[in-house]
Amino acid sequence: GILILSEIGFHEQIILQYAKIFHIPVFLLQHGLYNDNPGFFDYNKHVGVIPEKSDYSLSWGKKFTDYLIRNQINIKKIQTVGNPAYDGLENLSQSKKQPYILLATTSPTLQHISGHKIENVQFYHDCLMKICKEIVSLKKELVVKMHPASDQTNITEYVKKISKSITILKYNDISQLIQNCEIFIALGMSSTILEAQIFKKPVIGIKNNDMSVVPTILKNGSCQLVDIDDFPKKIKEFLENRNIQNDIVKHGTENVENYISNLGSSSIKVQQYLASL
């Protein structure tokens, strides 16, 4: 068998063709948190995360499995195994929680036409500026973690112009950063939201400028969904009101149960499933 993370990669496309010729089964393992909005299904197909050519789809949890079934993917092709990448989270070295706010940024993707639209790029930079300025004004330490992908916009110079006190990282282990932060802010769609919820961190999500394509995870109460224009007011309320934070953490913990199965034992489940075929 062959295990892949996407159908769209150059090497993966070659592998898929040869697998068909030699009748070797291909397993597509979910590798990220995808937008489950109905209007986003075609996009998900185009970026290779839907099993069109693969023989089987290995899902992280109930939510994505249900999403595939709703979109007419044969249930016999789907196996809910969890996310092997999260198995080691519980083994991270436990450090004392630090009084910093962690901002994870995902810039508009260049793989899709929306990532080249001026209004989307401008919205992204406006969000960065408003978030950074407000947190610095509150005299809170801010760490900005850029997405490590090579096609992501380098925002180092832009952020440093806002304040030299802001720490900007790209390739550091975000799991460790999340584990030690006080509050986690997600700018853009990212599976790091789930990591923050696994670590029981209060999560703030920034509303997209197109609310018609917002994924469930940002609307189900497990994140404090904030309009960027309201951010100054909302972040103050969030910091001052422990009840709001506790409520978000509670819903986040429930959310993890729906999105991630076999937490801590997913690698074993994948191995057992592959060995059983």
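These numbers come from the heavy atoms of this one structure, side chains and all, not from hydrogens, waters or symmetry mates.
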When the side chains of residues 16-25 are checked against the rest of the protein, which donor-acceptor pairs come out under 3.5 Å, sequence neighbours left out?
residue	atom	partner	partner atom	Å
K20	NZ	K53	O	3.0
K20	NZ	D55	OD1	3.4

All N/O donor-acceptor pairs, side-chain side in residues 57-64, below 3.5 Å, sequence neighbours left out:
residue	atom	partner	partner atom	Å
S59	OG	G61	N	3.2
S59	OG	G61	O	2.9
S59	OG	T65	N	3.4
S59	OG	T65	OG1	2.9
W60	NE1	Q30	O	2.7
K62	NZ	D66	OD2	2.8

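Under the 3.5 Å distance criterion, with hydrogens and angles disregarded, no donor-acceptor pair is assigned to the side chains of Q245 and N241. Between the side chains of Y67 and N44, a donor-acceptor pair is found at a separation under 3.5 Å. No side-chain N or O of S6 forms a donor-acceptor pair with one of E12 less than 3.5 Å apart. Side-chain N/O atoms of T216 and D36 include a donor and acceptor closer than 3.5 Å.
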Next item on the list: Go through the steps to decide whether K207 and I228 satisfy the test side chain to side chain contact (heavy atoms under 4.5 Å, CB included), and finish with yes or no.
Entry: CA-CA 7 Å; K207 285 183 182 179; I228 191 59; over 6 Å; no

Margin query: For a side chain to side chain contact (heavy atoms under 4.5 Å, CB included) check, start with the C-alpha distance between S190 and L33, then their side-chain angles and the critical distance, and finish with the verdict.
Written below: CA-CA 6 Å; S190 173; L33 183 61; over 6 Å; no

Check: Under the side chain to side chain contact (heavy atoms under 4.5 Å, CB included) criterion, do F27 and L277 qualify, and how do the steps go?
Finding: CA-CA 12 Å; F27 304 86; L277 298 175; 3.3 Å; yes

Margin query: Please evaluate residues K145 and I178 with respect to the criterion side chain to side chain contact (heavy atoms under 4.5 Å, CB included), reporting the C-alpha separation (whole Å), side-chain torsions for both, the decisive distance (0.1 Å), and the verdict.
Written below: CA-CA 10 Å; K145 174 64 173 69; I178 293 172; over 6 Å; no

Margin query: salt bridge (Lys or Arg N to Asp or Glu O under 4.0 Å) for E254 and K250? Distances and angles first, verdict last.
Written below: CA-CA 7 Å; E254 296 168 353; K250 177 178 176 291; 3.1 Å; yes

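K45 is linked by a salt bridge (charged side-chain N to carboxylate O under 4.0 Å, His left out) to D42, counting only residues two or more places apart in sequence or in another chain. Remark: D247 engages no residue in a salt bridge (charged side-chain N to carboxylate O under 4.0 Å, His left out) (not counting sequence neighbours). Qualifying salt bridge (charged side-chain N to carboxylate O under 4.0 Å, His left out) partners for K140, counting only residues two or more places apart in sequence or in other chains: E182. Taking D229 as the reference, K130 meet the salt bridge (charged side-chain N to carboxylate O under 4.0 Å, His left out) condition, with sequence neighbours excluded.
Side-chain atoms of S266 never come within 3.5 Å of backbone atoms of N262 as a donor-acceptor pair (strictly under, hydrogens ignored). Looking only at distances, a side-chain donor or acceptor of K77 sits under 3.5 Å from a matching main-chain atom of P51.
For D87 against L263, the heavy-atom pair with the smallest separation is OD1-C, 4.4 Å. For the residue pair L225 and K219, the shortest heavy atom distance occurs at CD2-CG, 4.4 Å. The two atoms that bring I217 and L194 nearest to each other are CD1-CD2, 3.9 Å, heavy atoms only. Nearest heavy atoms, I131 versus F231: CA-CE2, 3.7 Å.
Rounding to the nearest 0.5 Å places CG of L218 at 12.5 Å from CD1 of I204. Rounding to the nearest 0.5 Å places CG of L239 at 13.5 Å from NZ of K234. Rounded to the nearest 0.5 angstrom, Y100 OH and T167 OG1 are separated by 9.5 Å.
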